[in-house]
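The structure appears below as structure tokens.
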There are 2 protein chains.
Amino acid sequence: MQSAASPQWVRSPDDLTARARLRDAAIDCFAQRGFAASVREIAQRAGVSQGLIRHHFGGKDNLRAECDEEVFRRFREIKGEGLAMSPGQAIGMLSQLEEFGPTFVYILRSVLDGGVVGRAFVEHLIVDTELFMEQAVRAGTVRESRDPSGRARYLVTSALGSMLVQLTLSPEIDLSDVGNAIQRLTGAFALPSLELFTEGLFVDRSMLDQYLMQIPDPPAAGRDIHPPA
Amino acid sequence: MQSAASPQWVRSPDDLTARARLRDAAIDCFAQRGFAASVREIAQRAGVSQGLIRHHFGGKDNLRAECDEEVFRRFREIKGEGLAMSPGQAIGMLSQLEEFGPTFVYILRSVLDGGVVGRAFVEHLIVDTELFMEQAVRAGTVRESRDPSGRARYLVTSALGSMLVQLTLSPEIDLSDVGNAIQRLTGAFALPSLELFTEGLFVDRSMLDQYLMQIPDPPAAGRDIHPPA
DNA sequence: CGGAAGGCTATACAGCCGTATAGTTTCTTG
DNA sequence: CAAGAAACTATACGGCTGTATAGCCTTCCG
């Protein structure tokens, strides 16, 4: 991870080339107003003329593609390549970084939009989560699953999707302060999720056993990981 | 619930007034192409001129408002007023109904959009889920929670959000056959969710107990519901 | 110094959007 | 039947979008 100082991609706007300022302005606009933000709006925020967008990027689509690359590059840079962490940790950390705010909102928007960054981001989280769970299983803190990949995908999409639903359905939340919003959400869901992760939901095993009985083959591993008490 | 016959709001297009045909065409368009669908597109699908939209509804916003009402009315009609069911059951049932497809996609779009129908739909599911869980707790099949409302909200937003993330991130899924897509998703997540609901995730109670110790007051009820073994 | 190259701007264009207006048809009703 | 109301259409308007074109102005290099 980076030191307490700003990451290298945060600098005074004057130091950047107009091309980079244009790209960063586009990222901010896309995060704040959605991908329907107009090129005029972006150019105005960058303090240049709109024609410059065409000159440098050729068109809006190419501009967005470069924004996608840049956003995912920042994500990888902050997260660190090899560091496996739980999705909760990762999102909590990311949302707390002041200057990462717009970038994070951009990613969320891309997820809702079905964009390439969104997909890459989610798949990245899933892979990392599966790794993290694998370590936790070996460490003896997390139960083994009959379908480790499916469980990682389920956990990531649930956690992320829950946040997205809550964020989109809460008009009072301003996306400019996502860190705060995320923390409030995770706070509200801490107890229910800890209960579920610790005690489960059902008092007996009948639903699970019934399912295991009726399917011919579980997706992975054996089916008797936790022998009945 | 309705009999096997089509619900009353499905009839031959000729039987409907142009106003109703316009509204239904708008629902289909909004579901298929998103809320950015143009009034000309809607009018064309309804087989009328675009001016008629203004004549009958005054503008696009009012038209969408009436679509919202109609969609939520259909949802309530199919679901049944007093019937409490789990979110899984409800969504599974709804998505299976052939003619409910566009209506369901409309609701999903409204959730992603932050629309009023989306919010109403989610809140409705949350209330129903809390009721359902309350019954299940009394019946002795589901564990009591220290925060029943929070748990219901957590379960609904997780399940729904997970589906939404998967749907938006899968370009190969055509929204015209949502029933199939939903069933595939629930199928893929059946085992991980049943595992989680039955066995939990953690092997011990340390995380939960640590949390219960450090917070001054749980949101609801006492904190010693499941005494340590 | 001079000229070419590229960063940059101003302006125009075609297309779509939602909306407005005027006019025509169809139905209803006295 | 006739007259008025309602349903419906055709067309136009202003505004926004992304894109294209022509030209200015700085900068760099021979």
Side-chain angles (χ1 to χ4, degrees), chain A residues 11-71 106 109-110 112-117, chain B residues 11-71 106 109-110 112-117:
Chain A
R11 27 195 125 100
S12 148
D14 301 346
D15 296 347
L16 296 169
T17 67
R19 193 176 197 280
R21 266 190 300 136
L22 221 27
R23 164 177 44 68
D24 289 354
I27 292 177
D28 287 352
C29 279
F30 286 151
Q32 209 166 70
R33 322 257 288 183
F35 292 111
S38 70
V39 292
R40 286 164 176 84
E41 197 180 338
I42 295 170
Q44 186 177 2
R45 178 180 288 238
V48 298
S49 130
Q50 49 190 330
L52 206 58
I53 289 183
R54 171 174 162 78
H55 179 65
H56 278 305
F57 301 95
K60 190 185 180 182
D61 292 348
N62 280 336
L63 172 57
R64 175 168 172 188
E66 290 214 18
C67 289
D68 281 3
E69 284 181 33
E70 172 64 14
V71 161
Y106 185 105
R109 280 237 139 88
S110 185
L112 290 178
D113 196 62
V116 289
V117 194
Chain B
R11 27 196 125 102
S12 148
D14 302 345
D15 296 347
L16 296 170
T17 67
R19 193 177 197 281
R21 264 191 301 136
L22 220 27
R23 167 181 36 72
D24 289 355
I27 291 176
D28 287 351
C29 280
F30 286 150
Q32 207 165 69
R33 320 258 287 185
F35 293 111
S38 71
V39 292
R40 286 165 175 83
E41 196 179 339
I42 295 170
Q44 186 177 3
R45 177 180 290 238
V48 299
S49 127
Q50 49 190 330
L52 207 58
I53 289 183
R54 171 172 162 80
H55 179 66
H56 279 304
F57 301 94
K60 191 184 181 184
D61 292 348
N62 281 334
L63 171 59
R64 176 168 171 188
E66 290 213 19
C67 289
D68 281 3
E69 285 181 33
E70 171 65 14
V71 161
Y106 185 104
R109 280 236 140 89
S110 185
L112 290 178
D113 196 62
V116 289
V117 195

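So you know, we letter chains A, B, ... as the sequences are listed, proteins then strands, and number each from 1.
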### Message
Nearest to the side chain of B:H56, heavy atoms from C-beta on, is which of D:dA7, C:dT21, D:dA20?
### Response
D:dA7
#### Entry: Integer-rounded Å distance: C:dT9 P and A:Q44 CD
13 Å
### Task
Evaluate the side-chain proximity of B:L63 to B:L22: yes if any heavy-atom separation is below 4.5 Å, no if none is.
no
### Task
Over 60° means perpendicular and under 30° means parallel, so classify the ring planes of B:F30 and B:F35, tilted if in between.
tilted
### Message
Output the rounded distance in Å from CZ (A:R19) to P (C:dG6).
### Response
15 Å
### Message
So if I take every side-chain heavy atom of A:S49 and compare against C:dT9, C:dT19, D:dC8, which nucleotide ends up nearest?
### Response
C:dT9
### Query
Any side-chain donor paired with an acceptor under 3.5 Å for B:D68 and B:Y106?
yes
### Quiz item: A:R40 side-chain donor-acceptor pair to D:dG18 base, under 3.5 Å
yes
### Gap separating the CZ atom of A:R33 from the CZ atom of A:R45, nearest 0.5 angstrom
8.5 Å
### Task
Calculate the interatomic distance between A:I53 atom CD1 and D:dG18 atom C1'; express it in whole Å.
10 Å
### Length of the CZ-P vector between B:R54 and D:dA10, whole Å
18 Å
### Task
Tell me which nucleotide among C:dG7, D:dC8, D:dT17 gets nearest to the side chain of A:S38.
D:dT17
### Task
Compare the minimum distances between each of D:dA7, C:dC8, D:dT11 and the side chain of A:H55, then state the nucleotide with the smallest one.
C:dC8
### Task
Provide, to the nearest angstrom, the distance between the CZ atom belonging to B:F35 and the P atom belonging to C:dC17.
17 Å
### Task
Scan B:A18 against the nucleic acid and name what it touches under 4.0 Å (heavy atoms): base, sugar-phosphate only, or nothing.
sugar-phosphate
### Task
With heavy atoms under 4.0 Å as the rule, sort A:A43 into base, sugar-phosphate or nothing.
nothing
### Summary
Taken to the nearest whole Å, CG/A:L52 to P/D:dG18 is 16 Å
#### Entry: Whole angstrom value for the distance that separates P of D:dT19 from CD of A:E41
16 Å
#### Entry: Options C:dA20, D:dT9, C:dT19, nucleotide nearest the side-chain atoms of B:V48
D:dT9
### Separation of C:dC17 P from B:R64 CZ (nearest whole Å)
17 Å
### Query
Checking all strands, does B:A46 fall into the base, sugar-phosphate, or nothing category for heavy-atom contacts under 4.0 angstrom?
nothing
### Message
I want to verify a distance call: between D:dA7, D:dA20, C:dT19, whose nearest atom is closest to the B:Q50 side chain?
### Response
C:dT19
### Message
Is the terminal nitrogen or CZ of A:R19 (NZ for Lys, CZ for Arg) located under 6.0 angstrom from the six-membered ring centre of A:F57 and within 45° of that ring's axis?
### Response
yes
